[in-house]
Engineer: 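Quick one: structure below, then a few questions.
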Amino acid sequence: MGSFLSFGLDEWLDHIQRQHWRTIDLKLDRVSRVWQRLGGSRPPFVITVAGTNGKGSCVAMLESVLRRAGNRTGSYTSPHLVRYNERICVDGRPASDAEIVDAFRRIQAACGDVGLTYFEYGTLCALMVFWARCVDVAILETGMGGRLDAVNMIDNDLALITSVGLDHMQWLGSDREQIGREKAGVIRPGAFVVSTDPAPPAAIADTAADLGALLLQAGEQYAIEPGPDGKTCRWRSEHPAVPEDWRRLAGLPLPLPGDWQPHNLGGTVAALALTSGATGVEPVHLVPGLSSARLPGRCEIIGREPLTIIDVAHNADSAAGLARFLDANPVPGETHGVFGVLADKALPGVLDDLGMRVNRWHLAGIDEARGQSGEALARKMRLLYPDMEAETYRDAVRAFQGARAHARPVDRVVAFGSFHVVGDIIGSFERTSVPQ
């Protein structure tokens, strides 16, 4: 233990990445055992957010509105874009290196003979920071699943389940029903549940019914629809669990880009309505709270001439959403695609909608355990697009620079795929400047 006392954050992150023999090991017994040894206390109020796409958006909107109502919030999300600290935020601000390092030291001391994964260390770290900072509401985003995800060792007061799609199938199941059943594992007996998916797997409602949980389902117990100005939304519900003054809401802003965001907004409002008695949130907090929500790297326009867009789309549904966003933001010239994904991603699903919208590819290598080189990615893609124009690069920053160098002012550069790709590009701006 002595050598750990001098570790800085980067050394700790390197250490915990090497501790467990599996990057992903879906079990709750190890992390629960260490949490008990730490004497950890459950946050006063817990919202767990699960789903395939839309989790980050919902967390951002929930956190912003809850803070507007005077709550001290703790949010735990993953992965991060630039710095690990982004995963653990209190009142919207990332935890300090010192806070995270102190938590890692305590976790290491409590582990004993128990090996933890990188994500399990991070989950315990977030909970310890929230405990030390006395948060009122903790918003815990699952890593990829639900039932066996590390955050699921903490009982929640409300489970918010976003859209369910085909991703991480080697761990979660081969179809939406199987995956939905895993996501529904975050539902607790007698607690609240909100499902934002307009066509959800039946497993969500079935699990809620089996556990006696109160479910608000999009299109069933609540509705979200565009407002007359096309820039805001209206929300309504007649469910008896929804307070009277929440049942008809208009003029709700959409703070995040993308035509799927109304679904996320609808679920966020439903969650806030159900929990308003415990959190003190009132309808008056919605407009200013939602307007302040921010989430980098999601259909984010970061430059003009050429139009430059970054997005962490790395599965079929998110890629389809990005394709629709590109169609809504056309350019007269060509599209340069900067792309990189982990080796275990199914390329046909990601590229079905985006592949034909890209004229020239700039493929980035990812130097991670589950990563792959740009050349390896190119070989896989040529099986789908034999005649594609592509250049390969060692990393995302070089690929992005190459695309920008080739693009004319009338063209478009879209950088998408893994969080590693988008995060590295955003991180490079801090060393230079954001493209204009």
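Predicted model only: the values in this text are computed from it and were never measured. Sequence positions, counted from 1, serve as the residue numbers for this chain.
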Engineer: What residue pairs, at least two apart or across chains, pass side chain to side chain donor-acceptor pair (under 3.5 Å) with a residue in residues 254-272?
Structural biologist: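 Side chain to side chain donor-acceptor pair (under 3.5 Å) check on residues 254-272 returns S57-Q261, D259-R324, Q261-N264.
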Engineer: Taking the side chain as C-beta and beyond, is there a heavy-atom pair between T308 and I301 under 4.5 Å?
Structural biologist: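 They are not in side-chain contact.
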Engineer: Using atom types as modelled and distance alone, determine if a side-chain donor or acceptor of D311 lies under 3.5 Å from a backbone N or O of C299.
Structural biologist: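 Yes, D311 side chain to C299 backbone: donor-acceptor pair under 3.5 Å.
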Engineer: Please step through salt bridge (Lys or Arg N to Asp or Glu O under 4.0 Å) for the pair R30 and D113, ending with a clear verdict.
Structural biologist: CA-CA 10 Å; R30 298 183 313 274; D113 59 346; over 6 Å; no
Engineer: Give me the atom names and distance for the closest heavy-atom approach of G267 to V194.
Structural biologist: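 Of all heavy-atom pairs spanning G267 and V194, the closest is O-CG1, 3.6 Å.
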Engineer: To the nearest 0.5 angstrom, please state how far the CD atom of Q372 sits from the CG atom of D344.
Structural biologist: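 Reported value, rounded in 0.5 Å steps: 9.0 Å.
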Engineer: Using distance alone, with no hydrogens and no angle criterion, decide if D229 and T232 have a side-chain donor and acceptor under 3.5 Å apart.
Structural biologist: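 A donor-acceptor contact under 3.5 Å links the two side chains.
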Engineer: When you compare the side chain of T48 with that of V151, does any pair of heavy atoms fall below 4.5 Å?
Structural biologist: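 Yes - at least one pair of side-chain heavy atoms lies under 4.5 Å apart.
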Engineer: What's the shortest heavy-atom distance between G417 and V341, and which atoms?
Structural biologist: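 Taking G417 first and V341 second, the nearest heavy atoms are CA-CG1, 4.0 Å.
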Engineer: From T117 OG1 over to I16 CD1, what is the distance, rounded to the nearest 0.5 angstrom?
Structural biologist: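 So the gap between those two atoms works out to 8.5 Å.
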Engineer: Between CG of D395 and CG of D424, what distance do you get to the nearest 0.5 Å?
Structural biologist: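 If I round to the nearest 0.5 Å, the distance is 7.0 Å.
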Engineer: Distance-only, no hydrogens or angles: does the N71 side chain make a donor-acceptor pair with backbone N or O of V137 under 3.5 Å?
Structural biologist: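 Checked: no pair found.
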Engineer: SG/C125 to CZ/R106 distance, rounded to the nearest 0.5 angstrom?
Structural biologist: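 Spacing of SG (C125) from CZ (R106) equals 11.5 Å.
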Engineer: Considering only residues two or more places apart or on different chains, which pairs with a residue in residues 40-55 satisfy salt bridge (Lys or Arg N to Asp or Glu O under 4.0 Å)?
Structural biologist: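 Salt bridge (Lys or Arg N to Asp or Glu O under 4.0 Å) check on residues 40-55 returns R42-D157.
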Engineer: Using atom types as modelled and distance alone, determine if a side-chain donor or acceptor of R37 lies under 3.5 Å from a backbone N or O of A110.
Structural biologist: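 Yes; at least one donor-acceptor contact below 3.5 Å.
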Engineer: Should K183 and T52 be marked as a side chain to side chain contact (heavy atoms under 4.5 Å, CB included) after you check the CA-CA gap, both sets of side-chain angles, and the distance that decides it?
Structural biologist: CA-CA 9 Å; K183 307 290 186 184; T52 305; 3.8 Å; yes
Engineer: Run I47 and L140 through side chain to side chain contact (heavy atoms under 4.5 Å, CB included) and show every step you take.
Structural biologist: CA-CA 6 Å; I47 297 173; L140 307 177; over 6 Å; no
Engineer: Supply the atom-to-atom distance I366 CD1 to K345 NZ, rounded to the nearest 0.5 angstrom.
Structural biologist: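 Here the rounded value is 10.5 Å.
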Engineer: Taking the side chain from R412 and the backbone from N329, do they hold a donor-acceptor pair closer than 3.5 Å?
Structural biologist: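 Between the backbone of N329 and the side chain of R412 there is a qualifying donor-acceptor contact (under 3.5 Å).
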Engineer: Hey, does F400 have a side-chain heavy atom less than 4.5 Å from the side chain of V413?
Structural biologist: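 Side-chain contact under 4.5 Å: yes.
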Engineer: Hey, does the side chain of H420 reach the backbone of S418 with a donor-acceptor pair shorter than 3.5 angstrom?
Structural biologist: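 Flag not set: sc H420 to bb S418 has no pair under 3.5 Å.
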Engineer: How about S32 and D29: do any of their side-chain heavy atoms sit closer than 4.5 Å?
Structural biologist: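 Sidechains of D29 and S32: no contact.
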Engineer: Is any side-chain heavy atom of L274 closer than 4.5 Å to a side-chain heavy atom of W246?
Structural biologist: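 L274 vs W246: side chains apart.
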Engineer: Return yes if a side-chain donor-acceptor contact under 3.5 Å exists between N53 and R298, otherwise no.
Structural biologist: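 N53 vs R298: no donor-acceptor pair found between side chains.
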Engineer: Any side-chain heavy atom of V422 sitting closer than 4.5 Å to one from L81?
Structural biologist: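 A side-chain contact exists here, since the closest heavy-atom pair is under 4.5 Å.
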Engineer: Are side-chain N/O atoms of S195 and Q217 paired as donor and acceptor at under 3.5 Å?
Structural biologist: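 Yes, a side-chain donor-acceptor pair sits under 3.5 Å.
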Engineer: Tell me every residue that passes ring pair (Phe, Tyr, Trp, His ring centres under 6.0 Å) with Y76, counting only those two or more places apart in sequence or in another chain.
Structural biologist: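 Y76 satisfies ring pair (Phe, Tyr, Trp, His ring centres under 6.0 Å) with F119 once adjacent residues are dropped.
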Engineer: Test side chain to side chain contact (heavy atoms under 4.5 Å, CB included) on F339 and V421 and set out the steps.
Structural biologist: CA-CA 7 Å; F339 179 54; V421 169; over 6 Å; no
Engineer: So how far is it from K380 NZ to Y385 OH, rounded to the nearest 0.5 Å?
Structural biologist: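 It is 15.0 Å, given to the nearest 0.5 Å.
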Engineer: Can you confirm whether the side chains of T77 and R87 place a donor and an acceptor under 3.5 Å from each other?
Structural biologist: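 No pair is found: no donor N or O on one side chain lies under 3.5 Å from an acceptor on the other.
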Engineer: Heavy atoms only: give me the nearest A396-V338 pair and the separation to one decimal.
Structural biologist: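 Closest approach of A396 to V338, heavy atoms only: O-CG1, 4.4 Å.
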Engineer: If you look only at pairs with a residue in residues 135-147, which of them pass as a side chain to side chain donor-acceptor pair (under 3.5 Å), with sequence neighbours excluded?
Structural biologist: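 Matches after skipping sequence neighbours: R147-E182.
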Engineer: Parallel, tilted or perpendicular: which one describes the rings of Y222 and W235, with boundaries at 30° and 60°?
Structural biologist: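 Ring orientation, 0 to 90° scale: parallel.
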Engineer: Can a donor-acceptor pair be found between the side chains of D210 and T207 at a distance below 3.5 Å?
Structural biologist: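 Checked: D210/T207 side chains show no N/O donor-acceptor pair below 3.5 Å.
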Engineer: With heavy-atom distances below 4.5 Å as the criterion, would you say the side chains of L38 and M128 are in contact?
Structural biologist: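 Heavy-atom side-chain distance check passes, below 4.5 Å.
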Engineer: Nearest heavy-atom pair of N156 and V186: which atoms, and what distance?
Structural biologist: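 Looking at all heavy atoms of both residues, the shortest contact is ND2-O, 2.7 Å.
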Engineer: Counting only heavy atoms not in R236, do more than 12 fall under 6.0 Å of its CZ?
Structural biologist: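 Open: at most 12 neighbouring heavy atoms sit under 6.0 Å from CZ of R236.
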Engineer: Which heavy atom of Q108 sits nearest a heavy atom of W12, and at what distance?
Structural biologist: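 Minimum heavy-atom separation between Q108 and W12: CB-CH2, 3.7 Å.
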Engineer: Restricting to non-hydrogen atoms, name the atom on L214 and the atom on A241 that form the minimum distance, rounded to 0.1 Å.
Structural biologist: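 Distance-wise, the nearest heavy atoms are CD1-CB, 3.7 Å.
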Engineer: For E300 and I309, indicate whether the former's side chain and the latter's backbone hold a donor-acceptor pair under 3.5 Å.
Structural biologist: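 No, because the side chain of E300 does not come within donor-acceptor range (under 3.5 Å) of the backbone of I309.
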Engineer: With no hydrogens and no angle check, is any side-chain donor or acceptor of S291 less than 3.5 Å from a backbone partner on P288?
Structural biologist: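 No: the side chain of S291 does not pair with the backbone of P288.
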Engineer: Let me see the working for R67 and E63 under salt bridge (Lys or Arg N to Asp or Glu O under 4.0 Å), right down to the final yes or no.
Structural biologist: CA-CA 6 Å; R67 276 198 293 124; E63 194 273 339; 2.6 Å; yes
Engineer: Could you walk me through whether R248 and E238 satisfy the salt bridge (Lys or Arg N to Asp or Glu O under 4.0 Å) test, starting with their C-alpha distance in whole Å, then the side-chain angles of each, then the deciding distance to 0.1 Å, before giving a yes or no?
Structural biologist: CA-CA 9 Å; R248 291 285 190 277; E238 298 297 335; 2.6 Å; yes
Engineer: Under the criterion side chain to side chain contact (heavy atoms under 4.5 Å, CB included), I'd like the reasoning laid out for F416 against S318: C-alpha separation, chi angles, the key distance, then a yes or no.
Structural biologist: CA-CA 10 Å; F416 70 101; S318 59; over 6 Å; no
Engineer: Determine yes or no for a side-chain-to-main-chain donor-acceptor pair under 3.5 angstrom, with S64 supplying the side chain and M61 the backbone.
Structural biologist: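 No; zero donor-acceptor contacts below 3.5 Å.
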Engineer: Scan residues 357-369 for pairs that pass side chain to side chain donor-acceptor pair (under 3.5 Å), counting only residues two or more places apart or in two chains.
Structural biologist: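 Of all non-adjacent pairs touching residues 357-369, those that pass side chain to side chain donor-acceptor pair (under 3.5 Å) are D327-R357, H336-H362, R360-E391, R360-H406, H362-Y393.
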Engineer: Which of parallel (below 30°), tilted (30 to 60°) and perpendicular (above 60°) describes W131 and W35?
Structural biologist: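 Perpendicular, since the angle between the ring planes exceeds 60°.
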Engineer: Return the set of residues passing salt bridge (charged side-chain N to carboxylate O under 4.0 Å, His left out) with D10 (not counting sequence neighbours), or none when no residue passes.
Structural biologist: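 Counting only residues at least two positions away or on another chain, D10 forms no salt bridge (charged side-chain N to carboxylate O under 4.0 Å, His left out).
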Engineer: Please answer whether the main-chain N or O of G427 pairs with a side-chain N or O of R83 as donor and acceptor at a distance below 3.5 Å.
Structural biologist: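 Pair absent, no side-chain N/O of R83 close to backbone of G427.
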Engineer: Ignoring hydrogens and geometry, is there a side-chain-to-backbone donor-acceptor pair from S373 to A376 under 3.5 Å?
Structural biologist: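 It does hold such a pair.
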Engineer: Would you check, one step at a time, whether the test side-chain hydrogen bond (donor to acceptor under 3.5 Å, both in side chains) holds for N152 with R188?
Structural biologist: CA-CA 10 Å; N152 203 35; R188 289 297 189 271; 3.0 Å; yes
Engineer: Is there a side-chain contact between D97 and N85 in this structure, where contact means two heavy atoms from C-beta onward sitting under 4.5 Å apart?
Structural biologist: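 Side chain of D97 against side chain of N85, heavy atoms only: contact under 4.5 Å found.
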